[in-house]
Number of protein chains: 4
Amino acid sequence: MAKVTQAHIEARKGAILRAAARMFVRKGVDAATMQEIAAEADLSAGAIYRYFPSKDDLLRAVCGGAVDATREMFDRATATTSSARAALHEIGTAAWAKLSDPASREDVMLGLESTLAAVRQGDVLGDERRQVNRAIIEMLTGLIREAQASGEIDAGVDADALAATLLACHLGTGLLALQLGGEVDTDAIHEVVAHVIDRLAPAASRS
Amino acid sequence: MAKVTQAHIEARKGAILRAAARMFVRKGVDAATMQEIAAEADLSAGAIYRYFPSKDDLLRAVCGGAVDATREMFDRATATTSSARAALHEIGTAAWAKLSDPASREDVMLGLESTLAAVRQGDVLGDERRQVNRAIIEMLTGLIREAQASGEIDAGVDADALAATLLACHLGTGLLALQLGGEVDTDAIHEVVAHVIDRLAPAASRS
Amino acid sequence: MAKVTQAHIEARKGAILRAAARMFVRKGVDAATMQEIAAEADLSAGAIYRYFPSKDDLLRAVCGGAVDATREMFDRATATTSSARAALHEIGTAAWAKLSDPASREDVMLGLESTLAAVRQGDVLGDERRQVNRAIIEMLTGLIREAQASGEIDAGVDADALAATLLACHLGTGLLALQLGGEVDTDAIHEVVAHVIDRLAPAASRS
Amino acid sequence: MAKVTQAHIEARKGAILRAAARMFVRKGVDAATMQEIAAEADLSAGAIYRYFPSKDDLLRAVCGGAVDATREMFDRATATTSSARAALHEIGTAAWAKLSDPASREDVMLGLESTLAAVRQGDVLGDERRQVNRAIIEMLTGLIREAQASGEIDAGVDADALAATLLACHLGTGLLALQLGGEVDTDAIHEVVAHVIDRLAPAASRS
DNA sequence: TATGAATGAGCGTTCATTCAT
DNA sequence: AATGAATGAACGCTCATTCAT
């Protein structure tokens, strides 16, 4: 019995989480009502409170989920490549693919939404959110250093700064895509970024 | 009578605008209450309505101000340089300088805040906001084309995509700075970006 | 569950409707607050919105109820009589009986209240309200024509005008009763009206 | 100086009173704001308070004025006729003429508005308002008694009730006209009423 | 005397949260 | 475990009234 119940609980939590993410994105964290989230999860208004003690906690959980998804995506990308630069390109491709996918527009908005929330009320979901980007930068920095060591990228470039730049580029592309919709060609931006990485090869190796 | 009143009116409007910007940023557009904005402007709640007919209009005005400021900044930067690439660098410097200034953190957040609002309820301030970034991309594209024509930038690069990339980079840097605070070295990112632009010079021109 | 809920819902709606009618009359549509209406219905302020989407809808519902009641009253009166003049008298008796009943003072005030509202903001409940009196006049006109055809009323009288006059008399009596309270003998007015109808018999039939 | 000032004060009071009456009628007592009334009187918002201590007092004064106007109209009508029945007809003609005049629609609405207000908050303007109709009924009763004495009206009719009936008819006609606008032919109603009064002549006198 | 900016109480309405069922 | 009716605090906004000028 315990097992079944436990499974049910997790299933419900997941359903609520998905419903909440959907509504947070569709209408904004503030405008999304618990009623709507409950309806989206085929539940009644009060039922959510059996699984999450408050709307804030729900937001935290939703963002935490987004964080995990991102981390996973990253791990997968690095695992399937050998050269450091190849890994960087693979990660870039995966990351920008998400931006082309209309479905991921929601993730971008959730990211912005939670970034704003994080900046404002540092306690609710600040640290968690912060750590994702910090971790991404660290990973990218590591890969860039590897690429520099193997002569794929000019050693004169500040690895940490380049990592931050790449992440900024990706976040900014998402923001633009969000705002300008189809007007902005995210793939073209990706090509520019990929091209730039190639250009950052040491002068000697490009003769 | 008229003089004092007219001056007062403009002063009040400015004070309210500043107070609103401050509160919108500090607590978010939705969470910021008219009471708080009024208090921040040393006014009573209802007094704001003598100057702005609704909270939405206040938001619009605040964002409109940000928009104007951005446009001005751009115009100034382009006016004081001769070569296209120099103009790009000048603009980059000016743009990134704003990110270093803790005071401009507010502008970034307002931008995000209004982007989210624009995406969701396109009517309130969507178009205006959208057009700013569209205009920026167009201007950058123009400068890049000039630089390509004068041999400062490789003609093989998609000018429009590069323009979008640069803007995305800047927006993303702002976002990161917002989230990670002092941990992220925005000036270092700027250096990387400037360096990348240099690297985009045609191969021939680079010895 | 369903049974109890459904019954409760209707009961609540009724209670709210009655409370609203009471407060609209007691303090005026504008002065009556949702808080007061809720309190009168032993509910909290926000609870009303589960049953009626706005104060305007509540007003509409309250007036619609009054309308239905009036129509019913009329139908009943006409159904139980044979001669047209008898029907007229029956209707008069029923109508004036309502005026004697202190409880119906509320209906009169609601009528005035909604007339004023209708005249000013035709949309909210104007047409509905208007049609009631229009319908009443039409019905009365029909009966008067019948009575004229059967020689009970002088054919020289303008049936439509007489119908309007009778309705005006009734409305005005209500108004007077409202204003002068017990000082005005509504039954005496009714007698006068009934007597007048008799006097309107064709000269020939009065030997 | 005192005289001039006094005259000015009265002029201002009159202007404010007229402006208030106009706005009370146009938008309803509650919806009419002091700002609007002031604007209508070419005054600033606060200036009214030099002449009337509150909006309630303004309402009282406005209604008092309407009362006086009515009384005057009545006096004039009775002064110019000899026979009692002629006076009744004259009064009827004058009264109904006001209903035909679109400008007097405002008076009707003010009357209803103030009746409602009187019924609800008996102190503010209740008694004054009440006395007008009481006085009218008394006057009519007197005339009817005279007419009965001189054989113009059947002595069997309850004079007081007939007076109330006539007043009710007039009030109700105003109400109907208000609600149904041009659809209701107030003059036709007047004809009916006049005709009815004729029919109330003693049987003997009608051969 | 007149202005009109400012106040502040109060309105209709919404919604996170609770709790009897 | 789940419901959904109810609460109550707060929000945006309006306006009668006050008061420095």
Side-chain angles (χ1 to χ4, degrees), chain A residues 5 8-9 12 30-39 41-59, chain B residues 1-2 4-5 8-9 11-12 30-39 41-59, chain C residues 1-2 4-5 8-9 11-12 30-39 41-59, chain D residues 5 8-9 12 30-39 41-59:
Chain A
T5 298
H8 264 269
I9 284 182
R12 281 267 196 252
D30 287 306
T33 71
M34 293 299 267
Q35 296 275 356
E36 290 167 335
I37 294 170
D42 280 320
L43 241 57
S44 73
I48 293 180
Y49 288 85
R50 221 164 254 290
Y51 302 95
F52 300 93
S54 77
K55 197 183 178 183
D56 269 4
D57 284 87
L58 194 49
L59 174 60
Chain B
M1 190 172 81
V4 177
T5 297
H8 264 249
I9 280 182
R12 282 275 192 245
D30 288 308
T33 72
M34 292 303 265
Q35 296 274 357
E36 288 167 337
I37 294 170
D42 278 322
L43 243 54
S44 77
I48 294 181
Y49 291 86
R50 189 171 295 284
Y51 303 95
F52 299 94
S54 74
K55 195 184 180 184
D56 269 5
D57 283 87
L58 193 48
L59 175 58
Chain C
M1 190 170 81
V4 176
T5 296
H8 265 248
I9 280 181
R12 284 274 192 243
D30 288 308
T33 73
M34 293 301 266
Q35 296 274 356
E36 289 168 336
I37 295 171
D42 277 322
L43 241 55
S44 76
I48 292 179
Y49 290 85
R50 190 170 294 286
Y51 303 95
F52 299 93
S54 74
K55 195 183 178 182
D56 269 5
D57 283 87
L58 193 48
L59 174 59
Chain D
T5 299
H8 264 269
I9 285 182
R12 282 266 196 254
D30 287 306
T33 71
M34 292 301 266
Q35 297 274 357
E36 290 168 335
I37 294 170
D42 280 322
L43 241 57
S44 74
I48 294 180
Y49 288 84
R50 223 163 252 291
Y51 302 95
F52 299 94
S54 75
K55 197 184 179 184
D56 268 5
D57 285 87
L58 193 48
L59 174 60

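Per chain, numbering begins at 1; letters A, B, ... match sequence-line order. It should be emphasised that the depicted structure is a prediction, and the values quoted were computed from it without experimental measurement.
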Using the side chain to side chain contact (heavy atoms under 4.5 Å, CB included) criterion, which residues pair with [X]? Sequence neighbours excluded.
X	value
A/F52	A/K13, A/I16, A/L17, A/I48, A/L58, A/A61
D/R50	none
A/A47	A/L43, A/S44

| Are any of C/Y51's side-chain N or O atoms less than 4.0 Å away from OP1 or OP2 of F/dA5? |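 No, no such contact exists.
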| With respect to the phosphate group of F/dA2, does any side-chain polar atom (N or O) of A/R12 fall under 4.0 Å of OP1 or OP2? | yes
Starting from [atom2] on [N], measure out to [atom1] on [X] and report it in whole angstrom.
X	N	atom1	atom2	result
A/R50	E/dC19	CZ	C1'	11 Å
D/D42	E/dA2	CG	P	13 Å
C/L43	F/dG8	CG	P	11 Å
C/H8	E/dT21	NE2	C1'	11 Å
D/I48	F/dC19	CD1	P	18 Å
B/F52	E/dA5	CZ	C1'	15 Å
A/L58	E/dC15	CG	C1'	15 Å
B/I9	E/dT3	CD1	C1'	13 Å

| CD/A/E36: more than 12 non-hydrogen atoms of other groups inside 6.0 Å |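 Yes, CD of A/E36 has more than 12 neighbouring heavy atoms, counting only those of other groups under 6.0 Å.
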| Student check: side-chain heavy atoms of C/I37 and C/M34 closer than 4.5 Å |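 Yes, side chains in contact.
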| field | Shortest non-hydrogen contact from A/K55 toward A/A32 | value |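 Scanning both residues completely, I find the closest heavy atoms to be NZ-O, 2.7 Å.
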| query | Taking only residues two or more places apart in sequence or in another chain, which ones pass side chain to side chain donor-acceptor pair (under 3.5 Å) with C/S54? | reply |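 Residues passing side chain to side chain donor-acceptor pair (under 3.5 Å) with C/S54: C/D57.
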| note | Encoded 5' to 3' (Watson-Crick or G-U under 3.5 Å; [ ] crossing; | other strand), DNA chain F becomes .||||||||||||||||||||
Tabulate protein N/O versus nucleotide N/O from nucleotides 11-14 of chain F, keeping only pairs under 3.5 Å, one per line.
residue : atom : partner : partner atom : Å
F/dG12  : OP1  : B/A32   : O            : 3.4
F/dG12  : OP1  : B/K55   : NZ           : 2.6
F/dG12  : OP2  : B/M34   : N            : 3.0
F/dC13  : OP2  : B/Y49   : OH           : 2.7
F/dC13  : OP2  : B/K55   : N            : 2.8
F/dC13  : O5'  : B/Y49   : OH           : 3.3

